[in-house]
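Working notes, beginning with the structure itself.
FYI, the numbering just counts along the sequence from 1.
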Amino acid sequence: MDQLARREQDILALERRGFSGPGAKERTIREELGLAPVRYYQLLNALLDDPRALAHDPVTVNRLRRIRERRRAER
């Protein structure tokens with residue numbers, strides 16, 4: 001399987017969007033993807049390590065990887 005599933009593509013698309021105000025992103029996750037935010041972030045984290053995701057959207061994946069690494073370094 002060379003391409004991402006539709007839900008995986010939708011997760012990356014949601015990460016490209018900007019959100020205003022607290023809770024807006026979590027509300028969108030529930031309404032548009034039908035996922036609990038905790039599950040969404042689990043799927044997103046796994047997706048960041050998937051080479052198919054990097055090929056599909058390198059700008060978003062690399063940005064999120066940098067953020068993840070920065071947060072890990074702060075711990």
Do the non-hydrogen side-chain atoms of [X] and [Y] ever get within less than 4.5 Å of each other?
X   : Y   : result
R16 : D57 : yes
R7  : L35 : yes
R17 : F19 : yes

Original post:
Between R72 and E69, does at least one N-O distance fall below 4.0 Å, as a salt bridge requires?
Top reply: yes
**OP:** Please name all residues satisfying side chain to side chain contact (heavy atoms under 4.5 Å, CB included) with R65, sequence neighbours left out, ordered by chain then number.
**Re:**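 Side chain to side chain contact (heavy atoms under 4.5 Å, CB included) list for R65, sorted by chain: L48, L54, V61, N62, R68.
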**OP:** Sequence neighbours left out, what pairs pass side-chain hydrogen bond (donor to acceptor under 3.5 Å, both in side chains) with at least one residue falling in residues 19-28?
**Re:** E15-K25
Original post:
Counting only heavy atoms not in R71, do more than 12 sit closer than 6.0 Å to its CZ atom?
Top reply: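 No - once you tally the heavy atoms of other residues, nucleotides and ligands closer than 6.0 Å, there are 12 at most.
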Subject >> Nearest atoms (heavy-atom pairs only) where L4 meets Q9 >> reply: O-NE2, 3.0 Å
Subject >> T60 versus L12, closest heavy-atom pair with distance >> reply: CG2-O, 4.1 Å
Original post:
Hey, does the side chain of R52 reach the backbone of Q3 with a donor-acceptor pair shorter than 3.5 angstrom?
Top reply: yes
Subject >> Test item: E8 side-chain N/O and A5 main-chain N/O as donor-acceptor pair under 3.5 Å >> reply: yes
Original post:
Quick one: CZ on R6 to CG on L33, what's the gap to the nearest 0.5 Å?
Top reply: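 Answer for the CZ-CG pair, R6 versus L33, is 10.5 Å.
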**OP:** Would you give the length of the straight line joining atom CD1 of I11 to atom CG of L64, rounded to the nearest 0.5 angstrom?
**Re:** 11.5 Å
